[in-house]
Amino acid sequence: MKALQRRVIRGGFEALYFSGAHHLMRPLVGGLGAILTIHHVRPPRAGRFQPNRLLELRPRFLRRVVRWLRRSHVDIVSIDEMYRRMREQDVRKRFVVFTIDDGYRDTLEWAYPILKKHDVPFTLYVPTSFPDGLGELWWLALEAVVARSKRIVLLVDGKERAFDCAKVADKHHVFEQLYGWLRSFKTEEKLREVVRDLAGRYQVDVAAFCRELCMSWDELATLAADPLVTIGAHTVNHVMLGKVPEKTARAEMEMSRTVIESALGKRPEHLSYPVGDRASAGPREFRIAAELGFKTAVTTRPGVIFPEHRHHMMALPRISLNGEHQQLRYVRVLLSGAATAMWNGFRRVDAA
Ligand SMILES: [Zn+2]
């Protein structure tokens, strides 16, 4: 299923690119610019079972994207500069904003040297439990459980179910099923409970991923000291805010800002909703973010930025650089706005 989905997506991109349609469409659907989303930047790892690979870019690909943008007629700007341009309706030149989510150590090791060399400002959204060493990177724990097991037994909706996953193809299938099932839970609590239970039963140390992969506060301080870097909030526990009570959602956003301010000395003015899809961030979260006084808040709803987003700064779309599609031509199509315009049915703003 996923393979087919990938082929369809790729086919669509190729059609838009090679027909030149993206080029023709850009004046209509390209908007003012775009905000790019990155998670990991690091050399590829060995192994055929890496279901989270879509969150991972090769350093060489990031370098190509940056060099291409530097040659193009766009400004690479900080999120504050984007905010200023939108408020003042300064639309002389198209812009691109780089954002990196989660604060993985590979940001410091791989992404930062590339961005620094090309003088690229970027925003890093940090869930504060990660540098505290307490984050639960449950999607990686799930990957590890499936990777290490030949057979997984667990309770699904009160019934015991077994999943065979000895072969790589089965592993992909089982991961997708379990991932989809976890994401469909109405509450974040239930998701965490199931993953903790699974990890416990299959000897996976959930906390180890955080210690191994995430930057410490000292490492974050190194980045925060660079004027190129803006540190943004990304909640405390990286929860899907739409799946927790309002009081918790507000506390997650507010507390993360306070913790970052006390650790790094600067109060974050920008927010990224964890996971950031419709189930994680909707009108309630947009309202809370506005009430808390954030200047901007980004989702993962796909899209480019239009002048109308000036009135929806708490519901900004982004364009994800996907590890499954590391080709410059996909980035061209995405930044033209053509692919996301079709995805969004040519609706410019989606803040509902
Ligand atoms: Zn995140």
Side-chain angles (χ1 to χ4, degrees), residues 35-42 51-57 62 79 97-108 110-112 122-143 179 182-183 185 188 191-192 195 206-207 209-217 219-220 223-224 229-244 248-249 251-257 259-260 268 270-282 285-286 288-289 294 296-302 314-323:
I35 308 174
L36 297 177
T37 314
I38 296 171
H39 286 89
H40 293 280
V41 176
R42 61 186 176 195
N52 287 299
R53 190 163 49 191
L54 73 169
L55 297 173
E56 210 173 306
L57 302 179
L62 177 63
I79 194 121
V97 177
F98 277 80
T99 65
I100 307 182
D101 283 17
D102 297 349
Y104 299 114
R105 190 166 288 121
D106 56 60
T107 298
L108 184 61
W110 293 98
Y112 179 57
F122 66 97
T123 302
L124 181 65
Y125 296 109
V126 182
T128 55
S129 65
F130 288 15
D132 280 341
L134 301 169
E136 287 182 309
L137 285 67
W138 62 264
W139 54 99
L140 298 180
L142 179 67
E143 178 178 323
Y179 183 85
L182 290 168
R183 284 282 296 269
F185 290 169
E188 175 84 23
L191 182 160
R192 302 281 175 128
V195 174
V206 184
F209 297 102
C210 185
R211 290 195 301 266
E212 189 193 325
L213 294 172
C214 298
M215 279 186 271
S216 65
W217 285 112
E219 288 168 311
L220 284 169
L223 289 179
V229 184
T230 304
I231 304 289
H234 197 38
T235 76
V236 174
N237 294 302
H238 203 272
V239 293
M240 291 183 241
L241 292 166
K243 298 194 175 188
V244 297
T248 312
E252 282 278 347
M253 295 188 221
E254 200 169 18
M255 185 81 82
S256 67
R257 184 168 63 182
V259 172
I260 291 174
H270 304 275
L271 170 78
S272 162
Y273 306 102
V275 185
D277 64 342
R278 205 167 284 278
S280 310
E285 288 66 43
F286 305 154
I288 298 172
F294 283 104
T296 71
V298 294
T299 66
T300 55
R301 298 183 186 198
M314 298 302 121
L316 297 175
R318 288 191 288 175
I319 295 226
S320 182
L321 293 181
N322 187 315

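All values derive from a computational prediction rather than experimental measurement. Numbering of ligands and ligand atoms starts at 1, following listing order.
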- N/O/S atom of D101 under 2.8 Å from the Zn ion (ligand 1), yes or no? no
- Look at the N, O or S atoms of H39, main chain and side chain alike, and state whether any lies under 2.8 Å from the Zn ion (ligand 1). no
- Message: Can you confirm whether the side chains of N237 and E136 place a donor and an acceptor under 3.5 Å from each other?
- Response: no
- Message: Side chains of Y112 and V229, heavy atoms from C-beta outward: is any pair under 4.5 Å?
- Response: yes
- Message: Whether R301 engages the ring of Y273 as a cation-pi pair (distance to the six-membered ring centre under 6.0 angstrom, angle to the ring normal within 45°) should be assessed.
- Response: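 No - R301 does not lie over the ring of Y273 by the 6.0 Å and 45° rule.
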- Note on the structure: For the Zn ion (ligand 1), the nearest N/O/S atom on H234 is atom NE2
- Query: Which atom, counting only N, O or S, brings D102 closest to the Zn ion (ligand 1)?
  - Reply: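 Checking each N, O and S atom of D102, the shortest distance to the Zn ion (ligand 1) belongs to OD1.
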- Message: Can a donor-acceptor pair be found, under 3.5 Å and without considering hydrogens, that links the side chain of D101 to the backbone of H39?
- Response: no
